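Small disclaimer: the values here were computed from a predicted structure and weren't measured.
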Amino acid sequence: MAGSLDTTAASQSTSLQRLHHVEKRIVHTMELAGGVMEELANGAGSRTSDVATQCREFMQSVKDIQVTLRDEIKGICEYRPYENCDYVARTAAELSVRKLESLIGQTEEMHEVVKQYRDMSSKTV
């Protein structure tokens, strides 16, 4: 069970790290948008190639952010907190052990009855 908790904690940590990385990419994307706006507002005229490059980078960054966020949301929706829980298996195993103990006890009792019957039948002969 400790392994499943470690796995869950590791996946949550990884998820938080990915979201932190997305946050950094969002900041970078906003800086790109600000750079394009500055270039367009430049009184001396904007450099079309720089604006086009920054716009392409901006659009790619937005797409990357969308994909990452979509994956994270999908992962959260698929999260099953009790998926790695072994409670059902442990309970079933414990019930099986108790049934076996009861069966062994009944078998031993039957063995004693058979033994007593044989002892009685050997004395009468």
Side-chain angles (χ1 to χ4, degrees):
M1 180 141 177
S4 65
L5 289 176
D6 292 341
T7 304
T8 304
S11 66
Q12 288 175 347
S13 175
T14 304
S15 180
L16 289 174
Q17 289 170 348
R18 284 192 299 262
L19 290 174
H20 181 69
H21 182 67
V22 167
E23 180 183 13
K24 287 181 178 180
R25 289 196 332 223
I26 290 171
V27 169
H28 175 72
T29 303
M30 297 311 295
E31 289 171 349
L32 284 172
V36 168
M37 292 172 73
E38 283 179 14
E39 191 63 40
L40 290 173
N42 187 356
S46 61
R47 296 175 293 211
T48 323
S49 63
D50 288 346
V51 170
T53 301
Q54 288 180 332
C55 284
R56 276 192 297 277
E57 190 177 346
F58 174 82
M59 291 307 295
Q60 186 59 48
S61 184
V62 168
K63 287 178 186 177
D64 292 344
I65 291 167
Q66 285 176 330
V67 167
T68 304
L69 289 176
R70 190 175 303 124
D71 290 344
E72 288 302 313
I73 291 169
K74 183 180 175 187
I76 289 170
C77 292
E78 292 174 350
Y79 176 67
R80 306 279 189 268
Y82 300 107
E83 187 174 270
N84 295 323
C85 180
D86 64 345
Y87 175 77
V88 174
R90 283 188 299 120
T91 304
E94 190 166 327
L95 285 173
S96 295
V97 167
R98 288 186 182 170
K99 287 177 184 179
L100 286 172
E101 288 172 346
S102 174
L103 184 62
I104 289 169
Q106 290 174 0
T107 306
E108 288 174 350
E109 288 174 12
M110 288 173 56
H111 181 66
E112 287 298 317
V113 168
V114 168
K115 186 178 175 184
Q116 289 173 0
Y117 177 75
R118 284 188 182 159
D119 289 343
M120 287 176 43
S121 64
S122 67
K123 289 181 183 177
T124 58
V125 175

Rounded at 0.5 Å granularity, tell me how far [atom1] in [X] sits from [atom2] in [Y].
{"X": "Leu100", "Y": "Ser96", "atom1": "CG", "atom2": "OG", "result": "6.5 Å"}
{"X": "Lys24", "Y": "Ile26", "atom1": "NZ", "atom2": "CD1", "result": "13.0 Å"}
{"X": "Thr68", "Y": "Gln66", "atom1": "OG1", "atom2": "CD", "result": "10.0 Å"}
{"X": "Gln54", "Y": "Met37", "atom1": "CD", "atom2": "CE", "result": "12.0 Å"}
{"X": "Thr48", "Y": "Glu39", "atom1": "OG1", "atom2": "CD", "result": "9.0 Å"}
{"X": "Gln106", "Y": "Glu108", "atom1": "CD", "atom2": "CD", "result": "11.0 Å"}

**Item:** Single hit among Val36, Leu32, Val62 for side chain to side chain contact (heavy atoms under 4.5 Å, CB included) with Glu57
**Value:** Leu32
**Message:** Check whether Thr107 reaches the backbone of Leu103 with its side chain - one donor and one acceptor, N or O, closer than 3.5 Å.
**Reply:** yes
**Prompt:** What's the shortest heavy-atom distance between Arg25 and Asp64, and which atoms?
**Reply:**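 So the minimum-distance heavy-atom pair works out to NH2-O, 3.0 Å.
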**Prompt:** Does Glu31 reach the side chain of His28, with side-chain heavy atoms less than 4.5 Å apart?
**Reply:**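 The answer is yes, as the side chains (C-beta and beyond) meet within the 4.5 Å cut-off.
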**Prompt:** Do Val97 and Glu94 touch side chain to side chain, with heavy atoms closer than 4.5 Å?
**Reply:**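 No, too far: nothing below the 4.5 Å cut-off.
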